[in-house]
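Below is one structure, written out as structure tokens; the observations come after it.
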Amino acid sequence: MLRVRLEYAHPWTNHAGMYLARERGYYADYGMDVEFTSGDFFRGDPAYLLAGGEVDIALVRLNQLLFHQQGESSLISFAVMNQCQIGGIITNTSTGIRRFRDLEGKRVCIPMGVKRLYAELKEAVERDGGDFSKIVTIDPGEWEPDIRSVERGKFDAFINVAWWEPYQGSLPFDRVVVLPFADDVAPHHSYYVSVRREMLDRNPELVRHFADATARATHWPVNGPTRPCMRCSRRCATSIPRCCAPRSTR
């Protein structure tokens with residue numbers, strides 16, 4: 001059994017290639033029986049569980065990967081799930097925010113006061129000719145803001161994942177404004193597929209085969225997304241299948 005720990009509380013589209021590789025038998029072709037787990041962080045984050053030997057492969061954040069670089073249980077990444085950042089500024093048209101420098105004088109919520117997000121926001125605003133010192137930054141504590149906070153007037157904008165967080169409110173999608181932290185703002189990958197160094201040294205072929213099977217399944221939807229989307233919907237979503245279908249098929 002090859003134990004893979006996912007990075008989020010529930011499977012999402014980041015994991016589609018993995019679920020498809022298992023369903024289409026790509027892992028089995030290499031003799032791998034793969035189990036995915038996610039959700040409960042009581043015993044530690046995915047990097048901690050990987051370093052401790054409780055799982056074999058884990059999807060980890062950059063800061064977690066950097067933290068676990070010492071000793072026999074140090075981690076190494078052999079692939080990434082996202083080639084770019086997935087965060088950015090999220091707001092709606094009523095705030096008048098259309099670009100980063102428009103954030104001057106606005107209330108911007110930064111989840112859990114993460115210092116990296118402050119630095120990235122400062123760089124984005126200053127690159128756009130704005131004055132970061134004029135932004136009212138708000139730390140929400142343990143609470144994670146979403147687009148409904150903007151709709152209710154609690155904040156003018158917030159930082160979060162730009163791929164789904166903007167679309168959880170009640171306004172039409174054309175009222176949503178997203179300013180992504182693109183490649184020109186502190187570029188880095190998101191979510192590193194990692195193993196313990198000792199495992200890579202001991203069984204490099206296993207790691208190589210897992211990467212190959214996952215990559216083949218990940219590329220499968222490129223030429224026709226309908227079937228892969230429907231087959232993944234049972235694992236990666238709790239919505240009815242029609243909600244998971246590619247937009248072109250609705």
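In this structure, CD1 on Ile110 lies 11.0 Å from CZ on Arg116, to the nearest 0.5 angstrom. Interatomic distance, CG of Asp56 versus CG of Leu49, reported as 11.5 Å (0.5 Å rounding). Note that CG of Asp131 and NZ of Lys122 are 9.0 Å apart. Values are rounded to the nearest 0.5 Å. Atoms CG and CD, from Leu121 and Glu126 in turn, are 9.5 Å apart once rounded to the nearest 0.5 Å. Phe181 contributes atom CZ, which lies 12.0 Å from atom OG of Ser190 (distance to the nearest 0.5 angstrom). Taking NE2 from His209 and CG from Leu2, the interatomic distance works out to 12.5 Å, rounded to the nearest 0.5 Å.
Hydrophobic clustering (side-chain heavy atoms under 4.5 Å, transitive across Ile, Leu, Val, Met, Phe, Trp, Tyr) keeps Val55 apart from Leu200. The cluster map of Ile, Leu, Val, Met, Phe, Trp and Tyr, joined by side-chain heavy atoms under 4.5 Å apart, puts Ile90 and Tyr118 in different clusters. No chain of hydrophobic side-chain contacts below 4.5 Å, direct or via other Ile, Leu, Val, Met, Phe, Trp or Tyr residues, connects Val80 to Tyr19. The hydrophobic clustering, which links ILVMFWY residues whose side-chain heavy atoms are closer than 4.5 Å, places Val193 and Leu62 apart. Note on Tyr8 and Met81: same hydrophobic cluster, where clusters join Ile, Leu, Val, Met, Phe, Trp and Tyr whose side-chain heavy atoms are under 4.5 Å apart, directly or indirectly.
The backbone N or O of Leu50 sits less than 3.5 Å from a side-chain atom of Arg196, completing a donor-acceptor pair. Side chain of Arg22 to backbone of Val34: a donor-acceptor contact under 3.5 angstrom is found. Between the side chain of Asp156 and the backbone N or O of Arg107 there is at least one donor-acceptor pair closer than 3.5 Å. Formation of a donor-acceptor pair under 3.5 Å by the Ser194 side chain with backbone atoms of Tyr192 is found in this model. Using a distance-only test at 3.5 Å, with no hydrogens or angles considered, no donor-acceptor pair links the side chain of Gln85 to the main chain of His189. Side chain of Thr214 to backbone of Ala211: no donor-acceptor contact under 3.5 angstrom is found. A distance-only check finds no donor-acceptor pair linking the side chain of Asp33 to the backbone of Met1 [under 3.5 Å].
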Begin from the C-alpha positions of His68 and Val60 and carry the test side chain to side chain contact (heavy atoms under 4.5 Å, CB included) through to its verdict.
CA-CA 11 Å; His68 291 274; Val60 305; over 6 Å; no

Test side chain to side chain contact (heavy atoms under 4.5 Å, CB included) on Gln64 and Glu7 and set out the steps.
CA-CA 11 Å; Gln64 296 169 346; Glu7 82 286 3; over 6 Å; no

Does the side chain to side chain contact (heavy atoms under 4.5 Å, CB included) test come out yes or no for Leu20 and Trp220, once each step is laid out?
CA-CA 9 Å; Leu20 286 171; Trp220 178 43; 3.5 Å; yes

Step by step, work out the side chain to side chain contact (heavy atoms under 4.5 Å, CB included) result for Phe210 and Val4.
CA-CA 11 Å; Phe210 179 86; Val4 179; 4.0 Å; yes

Donor-acceptor contacts under 3.5 Å from residues 169-179 side chains, at least two apart:
{"residue": "Ser170", "atom": "OG", "partner": "Glu151", "partner atom": "OE1", "Å": "3.0"}
{"residue": "Arg175", "atom": "NE", "partner": "Thr93", "partner atom": "OG1", "Å": "2.7"}

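Residue Tyr48 qualifies as open at atom OH: its count of foreign heavy atoms under 6.0 Å is 12 or below. Under a cut-off of 6.0 angstrom, the local environment of CZ in Phe67 is sparse, with at most 12 non-hydrogen atoms contributed by other residues, nucleotides or ligands.
Residues Tyr26 and Ala213 come closest through the heavy atom pair CD1-O, 3.6 Å. Smallest separation of non-hydrogen atoms from Pro140 and Ile138: CD-O, 3.6 Å. Of all non-hydrogen atoms in Ala58 and Pro46, the two that sit nearest each other are CB-O, 3.7 Å. The minimum heavy-atom distance linking Pro111 with Leu117 is given by the pair CD-CD1, 4.0 Å. Of all the heavy atoms in Pro180 and Phe100, the pair that sits closest is O-CZ, 3.7 Å. A pairwise comparison of heavy atoms in Ser77 and Leu65 identifies CB-CD2, 3.9 Å as the closest pair.
In this structure, a donor-acceptor pair under 3.5 Å is present between the side chains of Asn14 and Asn82.
By the 4.5 Å heavy-atom criterion applied to side chains, Ile147 and Phe158 are counted as neighbours. Contact of the Phe155 side chain with the Val108 side chain is not registered, since no non-hydrogen atoms from C-beta on lie closer than 4.5 Å. The shortest distance between side-chain heavy atoms of Glu144 and Asn160 falls below 4.5 Å. Met18 is listed as a side-chain neighbour of Phe36, based on a closest heavy-atom distance under 4.5 Å. Using a 4.5 Å cut-off on side-chain heavy atoms (C-beta onward), Val195 and Leu206 make no contact. Side-chain contact between Glu123 and Glu120: absent, with no pair of heavy atoms (C-beta onward) separated by less than 4.5 Å.
Shown here are the salt bridge (Lys or Arg N to Asp or Glu O under 4.0 Å) partners of Asp212, two or more places apart in sequence or in another chain: Arg216.
Applying the side-chain hydrogen bond (donor to acceptor under 3.5 Å, both in side chains) test to residues at least two apart or on different chains, the pairs with a partner in residues 97-106 are Arg99-Asp128.
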